[in-house]
Each structure stands twice: as structure tokens, then as C-alpha cells.
Amino acid sequence: MKRKPQHKPWYRSRGWWLKQLHNWHWMSAAISLIGMLLFAATGITLNHAATIAASPHVQNLSAKLPAPLLAQLAKPASDSAPLPPAIVAELDTRLELNAGGKPGEWSDDEVYVALPRPGGDAWISIDRASGAVTAEITDRGWISYLNDLHKGRNAGGAWGWFIDVFAAACILFTLTGLFLLYMHSKPRPLTWPLVGLGLVVPMLIVVLFVH
């Protein structure tokens with residue numbers, strides 16, 4: 001009497017694992033595709049930052065606070081307190097610079113607020129006696145902007161979260177790719193020599209040339 005063939009449980013089925021790995025691989029690739037292009041391209045521009053010419057554009061601005069707002073500069077809560085909301089709104093309207101929530105540097109004569117940003121810089125200085133406002137905006141160009149996004153420099157919390165999610169998607173993409181290489185490696189004898197080459201080459205460069 002012939003025995004009926006026993007089906008393997010799902011967790012031992014090669015087909016099930018291949019299906020899952022392919023699904024997670026293409027989804028993580030789709031999520032990280034644009035970000036990977038951005039970070040790969042800016043990796044090149046950062047590596048050659050010294051040879052890429054940049055011409056910063058500097059814009060100087062000035063304004064004067066209305067007299068009713070001067071009283072709000074009299075007694076800061078601390079030496080690093082942010083500007084009062086009414087003054088922030090006034091500066092945003094006059095100069096199109098948002099200093100909300102940014103720490104100030106309060107001295108007896110003035111309050112200074114640094115406003116760093118990707119691809120540039122900005123600052124505001126307010127004379128506490130007269131209400132005279134001076135400000136400067138520096139724009140270093142779109143390559144510098146993208147380079148700073150690559151580094152997460154002064155890009156804010158939302159961009160920081162994006163980098164974390166993007167990095168997790170890249171890790172998932174590479175791990176599922178590694179397992180797929182393993183499952184398809186038998187008819188492809190060059191698989192593991194090439195994977196080993198990707199490990200050995202950077203290690204040799206670091207050992208021999210990075211000091």
C-alpha cells in the first residue's frame with residue numbers, strides 16, 4: 001500500500017520563504033528607491049566637496065520693531081530663552097524668517113538668534129533698546145542643500161525620522177537580498193565570491209590606505 005505524500009509545514013517550504021522574501025524585498029526596494037538615489041548621489045558630491053565650486057549668496061535684511069513690542073524684550077526668562085511669540089510673528093511678517101522656538105543669546109544690549117538651515121545659514125540680531133533688527137541669510141546652493149540633507153544637518157525632527165525609516169528599509173532590502181542570494185546560489189557559483197569581494201575590498205582599503 002502506497003503512503004500518501006506528506007506536505008511540509010509552511011515554515012519548511014522553500015516556496016513559502018521565497019514568496020515572503022520576494023515580497024519584502026520589492027516593497028523595501030520601492031520604499032527606499034528614491035532615498036537611495038539621493039543618498040548615493042550626495043555621497044559622491046560630499047566625497048568631492050572640496051572640488052565642487054560654490055558661490056554663497058548673502059542677503060542682508062533690516063527692520064525695526066514697533067514700540068509696543070520693545071517691552072517684551074525687557075526681561076527674558078533666561079539667557080537662552082526664545083523670542084516672545086508676538087516678536088516672532090512680527091519678524092516672520094517683516095523678514096520672512098521664522099525664529100519660533102529657537103534659543104536666543106541674550107546680552108545687556110541685544111538678543112541674537114541663530115537660524116541654521118540645510119544649504120545655508122541665517123541669523124537675527126535685535127537691539128533691545130531701540131528695537132533695530134538686523135538679519136542675514138546665506139544660501140550656498142542646491143548641492144550644499146542636498147549634502148546637508150544627506151547628513152541630517154539642521155533639517156529638523158521630521159527629516160530625522162525619515163532618515164531612520166529609510167535606513168530601516170535599506171537594512172530590510174539588503175537582508176532579504178542576502179537571503180535570496182543564498183536560496184538562488186547553487187546554480188550561480190559566483191554568488192559568494194562576489195559577496196566576499198564586496199567585503200574584502202573595503203576592508204583592504206581601510207587597512208592599507210586609511211591612516
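Only heavy atoms go into these numbers, but all of them, side chains included; no hydrogens, no water, no symmetry mates.
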Spacing of CD1 belonging to Ile171 relative to OG belonging to Ser32, to within rounding of 0.5 Å: 11.0 Å
Side chain to side chain contact (heavy atoms under 4.5 Å, CB included) partner of Leu97, the single match among Ile124, Val88, Leu91: Ile124
Exceeds 12 heavy-atom contacts within 6.0 angstrom, atom CG of Asp92: yes
Set of ring-ring contact (aromatic ring centres under 6.0 Å, His included) partners for Phe173, sequence neighbours left out: His25
Ring geometry between Phe39 and Phe166 (parallel below 30°, tilted from 30 to 60°, perpendicular above 60°): parallel
Heavy-atom closest contact (Ala77 atom, Ala81 atom, distance): N-CB, 4.0 Å
Distance (rounded to the nearest 0.5 Å) between Met27 CE and Thr176 OG1: 9.5 Å
Derivation of the side-chain contact (heavy atoms from CB on, under 4.5 Å) call for Ser80 and Glu105: CA-CA 5 Å; Ser80 60; Glu105 298 177 21; over 6 Å; no
Distance-minimising heavy-atom pair for Ala169 and Ser28: O-CB, 3.5 Å
Shortest non-hydrogen contact between Leu199 and Met203, atoms and distance: O-CG, 3.2 Å
Nearest-0.5 Å distance that lies between atom CD in Glu90 and atom CG in Leu65: 6.5 Å
Test item: Thr42 side-chain N/O and Thr45 main-chain N/O as donor-acceptor pair under 3.5 Å: no
Ala135 to Leu95 - nearest heavy-atom pair and separation: CB-CD1, 4.0 Å
Listed partners of Trp192 passing ring-ring contact (aromatic ring centres under 6.0 Å, His included), at least two apart: none
Donor-acceptor under 3.5 Å (Asp148 side chain, Gly119 main chain): yes
Rounded distance (nearest 0.5 Å) linking atom CG of Leu180 with atom CH2 of Trp24: 14.0 Å
Glu136 side, atom CD; Leu115 side, atom CG - distance, nearest 0.5 Å: 11.5 Å
Side chain Trp159, main chain Gly152, donor-acceptor under 3.5 Å: no
Ser144 side chain vs Arg140 backbone, donor-acceptor pair below 3.5 Å: no
Donor-acceptor contact present, side-chain Arg153 to main-chain Tyr145, <3.5 Å: no
Donor-acceptor under 3.5 Å (Arg14 side chain, Met183 main chain): yes
Inter-residue atom distance His57.NE2 - Ile137.CD1, 0.5 Å rounding: 8.5 Å
Taking every non-hydrogen atom, the tightest pair across Thr134 and Trp123: O-CZ3, 3.6 Å
OH/Tyr112: more than 12 non-hydrogen atoms of other groups inside 6.0 Å: yes
Residue pair Asp109, Asp127: steps toward the side-chain contact (heavy atoms from CB on, under 4.5 Å) verdict: CA-CA 6 Å; Asp109 301 322; Asp127 187 297; 5.7 Å; no
Set of residues satisfying ring-ring contact (aromatic ring centres under 6.0 Å, His included) with respect to Trp106, sequence neighbours excluded: none
Neighbour count above 12 (heavy atom, 6.0 Å) for Lys151 NZ: yes
Lys64 side chain vs Ser130 backbone, donor-acceptor pair below 3.5 Å: yes
Check: Glu110 main-chain N/O paired with Arg128 side-chain donor or acceptor under 3.5 Å: no
Residue pair Asn154 / Pro116: nearest heavy atoms and the distance that separates them: ND2-CB, 3.3 Å
Test log, rule side-chain contact (heavy atoms from CB on, under 4.5 Å), inputs Gln72 and Leu69: CA-CA 6 Å; Gln72 299 188 30; Leu69 293 180; 3.6 Å; yes
Pair Asp121-Thr138, side-chain donor/acceptor within less than 3.5 Å: no
